[in-house]
Amino acid sequence: MQSLSRRARLAAAAAGAVIIGASGFLFASQAQAQADIVHIGAVQGSIEDGDTNFASPLAGQTVFVQGVVTQETLDPSGNKGFFIQERSDATDGDPNSSDGIFVFNNKFSTLRTLTGSPAREELGANWTVNVGDEIVLRGVVGTYFGNIQFSGGSAYVYDVVETGLDPLAEVEAVEIDPPDDARASTEYMRRHLGMQMTVPAESVVTAGRDVYSSGGEVWAMRGDSEAAQQDGYAARAYRDAHPLDTVEGSFDDGNGYLFVIGDLGIRATAGTTESIIAPAKTYDVITEAATGGVYLSFAKYAVEVSEDLVLEGGLEPAGNEPVEPAGKHEASVASYNIENLYDTRDNPNSGCDFAGNTGCTDPEDPEGNVSPPFDYVPGSYGEYEAQLRRQAAQIVEDLHSPAILMTQEGEAQDVCSVNPEWTKDADLGEDRLVCDLEGTGEANTGGDGAPDSIQELALVIAEYGGPTYKAVGDLDSADTRGIMTGFLYQPKLAGLSSVKSSDPVFGDSPEIDYPTEADAINADVQNPKALNAALPQSVVDQCKSSGVYACNGYDVFSRAAQAAKFYFKDKHGRPVEEIFLINNHFSSGPNTRVLHRTEQANYVAAISATILDHQRKANVLAGGDFNVFPRPDDPFAEGQVIAGDWTGPSDQLAGMYEDSGLCALYDLMVEDHPQAAYSYTYMGQTQTLDQMWASPHLLREIESAVSAHINADYPADAYDFGEEPAYGRYGVSDHDPSVVTFDIK
């Protein structure tokens, strides 16, 4: 092939010359086409400090660029791509612009050559993507979820300048070292978008591997970062309000030193969509350096490494302030988000249980409508049973079989009852329950008053060797799609108290002081009992489909708060002390649905205040997934604009702190064991979404309040990639359970 040398091409491009195919003719398809090579840095743009607009200055334009193919990518759906990057001695010399870029190539392993080009003359109609080739590419500058890229549908190879190169010997592979501040870190990563970047050995995992439809990701930090140098379990990233956060004097700096490692390159290297990044857990150490291109998707910059991570196990997260068994004259209550515990039975009373169902609508509350498909049904009964068994093992082994469990994210379904032939040794499997999967409404003969999925969990706990639990719950606590709160309790240790129609909470006319009309369900005389009301009109008037004003319907709760009154038993089975439980699952997204969640806190505060107004020394414990942080943490800084002239902090739980009569047990946890005061990990850092609140009388009896770190720090399962759980029972949910242990008289 006759072509200009690489340096001649670059010199000509720098001089603004027109480069024509070596054969001496213009492109047949475009009589006046010019191959004016521009630097990839000009396509990516120079990112100055404080910039917020990261769009390409050449967006939508057709350009020629030249670079070495450094890496191929493959996503789980089979889409392919590759990175190209300029040689280190041929860049624009601007440290604020990236020298690399991504080319999306759909399902193809080839890219078309340009008509009339040297590549067409030498290779024919197509060039096969090959790492180590230096190419001149013509493409339209595009973007996908913020990632500046070319697409194979509008990109062509003009020339193959050289082949057989070792990319990492020719291009600059930067060792990742982002600054602490999140904004500065974003600028840093944007300046390297599309370039090869190396994760150094001794980097430390800060959040267990998560799994998405686009693959898996691991969050990590450099081993020489300040956070990694903290002692023991404190060697991780905490949100700013946490006392162990390493950056002082700033709000939600985002711990910019954190970075994401993705697996688009691992899959391409292995040549199979079934590959996924190693199941890392928090505190693991990456012992060998790993390199890959920087890719942006869904607001996250990831280093898409070519080779899988080599890990050395670090501290065991489950050993971080573990739950102790309740002692003599003690009882424990747990709150456990069981993460979409749906069975594989098609609920005849739900239009949004299975894919293919018609959907769920609520004429009185259309904002809560669910359009199909919106299902959480496991891929098989075996997968569902495995989830049950792992959760049962956690409840017995790690939570030490609490007297009562408050559950969140069970399925709101009651069309089944316990098979009369069931025993803990019967090994009935799917036949543990007998069900009516045909009848709807009152015509259904299968239900027994216990939500099916948590009832089956109770049976599996017994099969595992744990105690006998009874499942209860009011299906009216469910949202439209079928997620509800519920309760499991040991009849040997606790029982449900009887309630009267005159009861201020459980009776037919609850005395809950809230400024709107109560829902019809509030008139039900029952225990447990779901409670709800209309949103204040001032909130409804501001409801939007997204953002801080987003609403999940026009009731206070899309998933109603559920109150229950239990009594504990002594060793002779006699009632000794009562406790009121308020089980919650607030709307998700700490920085969205802000007004809606604030009203949810206000309503729960009103429930607890009602109980305490009538029984000053009542034992009240409110818990669950509040989906927002405790004070002093907040999604919005003081003075930060939330919307219009509304500024932070949002203080969404103000009602709980000021009007409920309850005390936040997070305050006890962060004082007693700060390294373990969290329940969730997100974007590589800890946060607290699952909370417990106790009345003053109960507070005096509390012996311990802890989160069991058995889920959030462990890798998510990758069933879709053929991978079994890497850590047994750990990691079965995305939330860590909370357990409160207290003295009983």
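The basis for the numbers below is simple: all heavy atoms, side chains too, and nothing from hydrogens, waters or symmetry mates.
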On a heavy-atom basis, the closest approach of Arg209 and Ala718 is NH2-CB, 3.9 Å

Would Arg236 count as a cation-pi partner of Tyr678, with NZ or CZ less than 6.0 Å from the six-membered ring centre and within 45° of the ring normal?
yes

Is it the case that atom NE2 in His329 sees more than 12 heavy atoms from other parts of the structure closer than 6.0 Å?
no

Below 6.0 angstrom between ring centroids: does that apply to Phe566 and Phe580?
no

What verdict does the side-chain contact (heavy atoms from CB on, under 4.5 Å) test give for Thr688 and Tyr680, after you've listed the backbone C-alpha separation in whole Å, the side-chain angles of each residue and the deciding distance to 0.1 Å?
CA-CA 6 Å; Thr688 298; Tyr680 197 76; over 6 Å; no

Would you say Thr407's side chain and Gly486's backbone share a donor-acceptor pair under 3.5 angstrom?
yes

Rounded to the nearest 0.5 Å, how far does CD1 of Ile483 lie from CG of Leu341?
9.5 Å

When the ring planes of Tyr657 and Trp693 are compared, do they come out parallel, tilted or perpendicular, using 30° and 60° as the limits?
perpendicular

Rounded to the nearest 0.5 Å, how far does OG of Ser679 lie from CG of Leu689?
5.0 Å

Side chain to side chain donor-acceptor pair (under 3.5 Å), paired with Ser587, selected from His596, Arg593, Gln600:
Gln600

Taking it one step at a time, do Glu411 and Arg481 satisfy salt bridge (charged side-chain N to carboxylate O under 4.0 Å, His left out)?
CA-CA 9 Å; Glu411 183 179 9; Arg481 63 180 173 170; over 6 Å; no

So OG1 of Thr686 and NE2 of His709: to nearest 0.5 Å the spacing works out to 9.0 Å

Check whether the side chains of Tyr336 and Gln394 place a donor and an acceptor atom closer than 3.5 Å, and report yes or no.
yes

Polar side-chain atom of Asn522 near backbone of Asn532 as donor-acceptor pair, under 3.5 Å:
yes

Taking Asp284 for the side chain and Lys281 for the main chain, is one N or O donor matched with an acceptor at less than 3.5 Å?
yes

Verdict with reasoning, Ser558 to Asp479, per side chain to side chain donor-acceptor pair (under 3.5 Å)
CA-CA 5 Å; Ser558 58; Asp479 61 13; 5.1 Å; no

Could you state the interatomic distance from OG (Ser738) to CG (Asp690), rounded to the nearest 0.5 Å?
5.5 Å

Heavy-atom donor-acceptor pair, Thr485 side chain to Gln408 backbone, under 3.5 Å
no

Could you walk me through whether Arg345 and Asp452 pass the salt bridge (charged side-chain N to carboxylate O under 4.0 Å, His left out) check?
CA-CA 10 Å; Arg345 306 170 181 101; Asp452 295 338; over 6 Å; no

From CA spacing to verdict: salt bridge (charged side-chain N to carboxylate O under 4.0 Å, His left out), Lys500, Asp503:
CA-CA 5 Å; Lys500 299 178 180 179; Asp503 190 285; over 6 Å; no

Are the aromatic ring centres of Tyr603 and Phe557 under 6.0 angstrom apart?
yes

Are Ser497 and Glu578 close enough that a side-chain donor and a side-chain acceptor fall under 3.5 Å?
yes

Ignoring hydrogens and angles, state whether a donor on the side chain of Ser707 or Asp736 is under 3.5 Å from an acceptor on the partner side chain.
no

Can you tell me how far the OG1 atom of Thr246 sits from the CE atom of Met221, to the nearest 0.5 Å?
8.5 Å

Pair Tyr342-Gln413, side-chain donor/acceptor within less than 3.5 Å
no

Arg597 to Phe626 six-membered ring, cation-pi geometry met (6.0 Å, 45°):
no

Ring centroid separation Phe568 to Phe742 under 6.0 Å:
yes

Is it true that Asn337 and Asp625 share a donor-acceptor pair across their side chains at a distance under 3.5 Å?
yes

Nearest 0.5 Å, what's the CD1-CD1 distance between Ile579 and Ile404?
6.0 Å

Whether Tyr233 and Tyr283 hold their rings parallel, tilted or perpendicular, with breakpoints at 30° and 60°:
perpendicular

Contact check, side chains of His400 and Glu324, non-hydrogen atoms, under 4.5 Å
no

